Amino acid sequence: MAHLFRDLSLGHSKRESTPPPLQTKPRMPPSKLTSTDLQSPLGQLASQLTDSDLRLTAYDVFLAVCRTSSSKPLSSSASASNSDSLGYNSPSQNNNHSPNSPALQRSLTSAAASKMKKALGLKSPGSKKSPGSGPGSGEGKSKRPTTVGELMRIQMRIPETVDSRVRRALLRIGGGLVGRRIESVVLPLELLQQLKQSDFTDQQEYDAWQKRNLKVLEAGLLLHPRVSLDKSNNASQRLRQIIHAALDRPIETGKNNESMQVLRSAVMSLASRSDGSFSDSCHWADGIPLNLRLYEMLLETCFDINDETSIVEEVDELMEHIKKTWVVLGINQMLHNLCFTWVLFHRFVATGQVEMDLLYAADGQLAEVAKDAKATKDPDYSRILSSTLTSVLGWAEKRLLAYHDTFDSGNIYTMQGIVSLGVSAAKILVEDVSSEYRRKRKGEVDVARNRIDTYIRSSLRTAFAQRMEKADSSRRASKNQPNPLPVLAILAKDVGELAVHETKVFSPILKGWHPLAAGVAVATLHSCYANEIEQFISGIMELTPDAVQVLRAADKLEKDLVQIAVEDAVDSEDGGKAIIREMPPYEAETAIANLVKGWIKTRLDRLKEWVDRNLQQEVWNPQANQEGYAPSAVEILRIIDETLDAFFQLPIPTHPALLPDLMAGLDKCLQYYVMKAKSGCGTRNTYIPTMPALTRCEIGSKFQGVWKKKEKSQNSQKRNSQVATMNGDNSFGIPQLCVRINTFHRIRSEMDVLEKRIITHLRNCESAHVEDFSNGLSKKFELTPSACVEGVQLLSEAVAYKIVFHDLSHVLWDGLYVGEPSSSRIDPLLQELERNLLIISETVHERVRTRIITDTMKASCDGFLLVLLAGGPSRAFSRQDSQIIEDDFKALKDLFWANGDGLPADLIDKFSSTVRGVLPLFRTDSESLIERFRRVTLETYGSSARSRLPLPPTSGQWNPTEPNTLLRVLCYRNDETASKFLKKTYNLPKKL
């Protein structure tokens, strides 16, 4: 940082302490101040006085008050000698006729550190060369200014000729001031009285000098008077006429002529008007804003003319003399504090905003201004205060409301000072100037926090808009490239980087005034992006790579912003709840989930339509492929596999969370396929014929072929009506049903493969966690496996009972034991069964083959028993037939045992146990059967059966101890005893 002050230590100096030879237009060091957009808030003059005019007038006042602050007369610069000299020891001027003025000729020293700089927090360098000093400085070089008067002349860029002329005039004026104070004199009037044309180098200089003084009189007495003028004031009208006339045609000065007398009369009449202070002061330079502008010129001299960011080391002595002008200019401590604050601030701005000590000094002065503001309610002061603070705050806020554009790595060090200054100004304006604040309790308004909050939100909104435009440009620039990023994805990345930059660079500075600076920043960015992403989400109709990319970027951005807010608010009173409430979720994950669910629904709807369409066309051809299952099963498994692949290729972060939805949907589709594939195939009960009514045998009768033919026809007709749906449709033949069974088995076995593949997909999924693998339920098909098992079970029974009761009904129901048992034995049935078993063995998958053959054996046993116990009047058995029956049943079992190549013996024994239990009844004599029947019936029905045996209902569960089974054996017993018992007990007919 550049040092603010330059030492005026004894030795060499950069200031030209020895003036150049007398010239008509002496050259002064040019000002290095840059122009600013800041207008002085101290007020604009209505007259045409330039800054140069004001500076020369301020210098006149300064010399005058310093001259009269001592009883000794003021000396010219040439009369001073050695180190106590006021002037420059110029060889061109030797008219030393007057004593020295101690006020101006006080010797300057730099031994002690400036008290004023200490008070302002300004640091002096340890050792500095005086302005103008350098290698080679010696006796022949310029000396440093040694008096306050000399320093002031140089600082105000006043040529020596002008300085000498004013001093001569003041010497003449001083002669007439004995016993009077300088504030009782109208200085411009006295100068006009004392100086004439011959005192100037040329006419042009004289005219300019006269016009300046007349304009000063006009400004101080007519345009900006201390005491307001009445419109009817004759003196003001007369003075205005004199001044306007003199501006057109200069008057002759330096004499006590009529023109000067008229001018003096008008001036003194106006200047002598009382302001109510009971003093004899003349009011010509103490009206606002003229006095403030003149004082501003004097305060500017505190800055080194050769290094305009530095305050001179002699500022204490200089300021002491400047304050002596207060009596003429009507300045007090409060106005001084306000003006000096503005001068420090303006100098910081005008010198490129690099010297932070100036800014900190201005901020320090504002603390004094704040005290003053609370102490007075003077309307004039309040107006100037408001104007000044508004100007300072306006300049600061122009930078702070878009601080991302204002500050970078090159000037970020200035931000804290600018924020502090802006906040200080705002606090005074709100707390001491605003009437609204006074109506509220002070605890309700935190000015600093509110301002910082406003700066953060404003700047970040601006920065966001810029990033938005940049993202759009980036998208347009890359539109011809493959897979260009969507605008909102680019924007999310940029906003994330902006948030990180904010928290690293700006938030640490702003946190001094706002404890949640970073939280407010990210909440603002969150809100800005929310406007865009909500609009985007509302317009998404389907899941596309761009949509997912944007939503994932938004989700990541939101998580990052919330994390910053939470970390920033960890020590706050509410834990950051207020900030988090400002950040309602984008619901990006929900939007992604809804899109994926829509994607899943579309796929599942298509799959279900496919199932309906393809199962209508499926012919269940056993020759369609080597494995013997339906092509439609191969296809649906392929579609499901592709759907799972496509799902895991979706660029989403929530595969594990959404997988159960997809699994459940695919599971239902597969279940739907299985259910539809088995529908219409019939069940076990579809093929079992209805049992005929009970009858008794006609003893000794041999069934005639005609009757048997008729009976066969009737039974066939009943049976055919039950299986009508099976006839004429080749897709329900035994080979086709076997293909369906194979298909269900294939689907069931593929479930395990699919589930393992899903686990593999999850392992490769970026968003999967350990618990996603440990919880196996969400990755399993629940409905389809059980549907397949049920389908195999149902169709296996359907195949078995269809073979036995439908396809082989001509050799079983219509042939076995019809008429004479010995001539209608089981051999034809066994041959047909063997042929069908061969078809099953060749068609059905080995893993389900045993089940179907077992079910076929069960169906054969059921059919065998049904013939024996419910075969109708066409069948009758004697005790002698029992051996035939037993031999036939053994042959039936041997068929399924197949010499050890068929079903296991224990399985055969298990499913033939019922037949084995019933067959001994056919060897038992009728009396024993009748007795056993009575006993069992009484046991079943109790004492109520003693008078008359009830007819036991048909349960279908054949058992040698069950009444209905015993009764049926008697019904088909071909002997007198059984027939009489049935006639007597139940009056059963012999025919249907």
Side-chain angles (χ1 to χ4, degrees), residues 685 688-699 701 703 711 714-715 718-719 804-805 812-814 816-819 821 824 826 858-886 888-889 892 912-941 945 948-992:
N685 294 329
I688 295 178
T690 305
M691 293 186 193
L694 290 173
T695 57
R696 58 190 174 87
C697 287
E698 188 173 348
I699 305 307
S701 170
F703 302 109
E711 177 68 20
Q714 288 175 349
N715 288 339
K718 290 180 183 178
R719 202 164 46 251
V804 172
F805 290 99
L812 174 69
W813 193 251
D814 296 337
L816 182 62
Y817 303 142
V818 171
S824 53
I826 202 168
K858 284 168 60 182
S860 300
C861 290
D862 285 351
F864 190 71
L865 277 178
L866 202 64
V867 166
L868 295 178
L869 300 176
S874 61
R875 291 177 173 87
F877 305 100
S878 64
R879 288 179 62 194
Q880 291 75 20
D881 294 330
S882 63
Q883 188 61 46
I884 294 172
I885 295 170
E886 289 175 7
D888 284 353
F889 182 61
L892 180 64
S912 64
S913 60
T914 302
V915 182
R916 291 201 317 273
V918 171
L919 287 185
L921 297 178
F922 285 87
R923 289 200 303 269
T924 306
D925 60 82
S926 298
E927 290 80 1
S928 299
L929 287 174
I930 292 169
E931 185 58 34
R932 189 185 299 182
F933 173 72
R934 289 180 186 277
R935 187 178 68 252
V936 171
T937 303
L938 286 171
E939 287 174 359
T940 302
Y941 293 98
R948 189 172 188 274
L949 290 175
L951 183 68
T954 301
S955 66
Q957 303 298 317
W958 312 126
N959 191 297
T961 61
E962 191 255 338
N964 187 261
T965 303
L966 292 168
L967 179 64
R968 285 182 175 277
V969 174
L970 288 170
C971 285
Y972 292 97
R973 174 61 58 90
N974 189 9
D975 72 12
E976 189 75 30
T977 303
S979 180
K980 285 182 177 179
F981 171 75
L982 295 174
K983 172 69 175 172
K984 180 181 178 182
T985 307
Y986 298 113
N987 194 28
L988 291 181
K990 293 182 179 179
K991 299 179 184 178
L992 291 176

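What you are looking at is a predicted structure, and each value in this text was computed from that prediction instead of being measured. Heavy atoms only: backbone and side chains are in, while hydrogens, waters and symmetry mates are out.
Across all their heavy atoms, P821 and A876 have their closest contact at CG-O, 3.7 Å. Taking all atoms of both residues into account, the shortest heavy-atom contact from P953 to Y941 is CD-OH, 3.3 Å. The shortest non-hydrogen separation linking E962 to Q957 is OE1-O, 3.9 Å. The two residues L868 and F922 have their closest heavy-atom pair at CB-CZ, 3.7 Å. Residue N964 comes nearest to S955 through the heavy atom pair OD1-N, 4.4 Å, listed as atom of the first residue, atom of the second, then distance. Scanning all heavy atoms of the two residues, the minimum distance from P950 to Y986 falls at O-OH, 2.9 Å.
By the 4.5 Å heavy-atom criterion applied to side chains, P952 and L967 are counted as neighbours. Between E976 and S979 there is no side-chain heavy-atom pair separated by less than 4.5 Å. Using a 4.5 Å heavy-atom cutoff, the side chains of L921 and R932 are in contact. Contact annotation: the side chain of F981 approaches that of L949 to within less than 4.5 Å [non-hydrogen atoms, C-beta and beyond]. You'll find the side chain of V915 stays beyond 4.5 Å of the side chain of W958, heavy atoms only. Side chains of D888 and L892 form no contact here, defined as non-hydrogen atoms less than 4.5 Å apart.
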Q.
As a quick check of understanding, evaluate side chain to side chain donor-acceptor pair (under 3.5 Å) for N959 and T965, giving each step before the final call.
A. CA-CA 6 Å; N959 191 297; T965 303; over 6 Å; no
**Q.** Derivation of the side chain to side chain contact (heavy atoms under 4.5 Å, CB included) call for L866 and M691
**A.** CA-CA 8 Å; L866 202 64; M691 293 186 193; 3.7 Å; yes
(Q) If you apply the rule side chain to side chain contact (heavy atoms under 4.5 Å, CB included), what do you find for C971 with L988, and how did you get there? (A) CA-CA 9 Å; C971 285; L988 291 181; 3.7 Å; yes
Q.
As a quick check of understanding, evaluate side chain to side chain contact (heavy atoms under 4.5 Å, CB included) for L816 and F864, giving each step before the final call.
A. CA-CA 9 Å; L816 182 62; F864 190 71; 4.0 Å; yes
Q | Step-by-step side chain to side chain contact (heavy atoms under 4.5 Å, CB included) determination, L970 to T977 | A | CA-CA 9 Å; L970 288 170; T977 303; over 6 Å; no
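Note that CD of Q883 and CG of L919 are 10.5 Å apart. Values are rounded to the nearest 0.5 Å. To the nearest 0.5 Å, the span separating OG1 on T961 from CD on E939 amounts to 9.0 Å. Annotation: the span from L865 atom CG to S912 atom OG amounts to 10.0 Å, rounded to 0.5 Å. Taking CG of D881 as the reference point, atom CG of N974 lies at 8.0 Å (rounded to 0.5 Å). Distance check: L982 CG to F933 CZ gives 8.5 Å after rounding to the nearest 0.5 Å. Atoms CG and CD, on L966 and E931 in that order, are 11.5 Å from each other to the nearest 0.5 Å.
Counting only distance, with no hydrogens or angles, the side chain of S882 and the backbone of R879 share a donor-acceptor pair below 3.5 Å. Distance alone, capped at 3.5 Å, places no donor-acceptor pair between the T924 side chain and the L929 backbone.
Annotation: cation-pi pair R875/W813 present, NZ/CZ under 6.0 Å from the ring centroid and within 45° of its normal.
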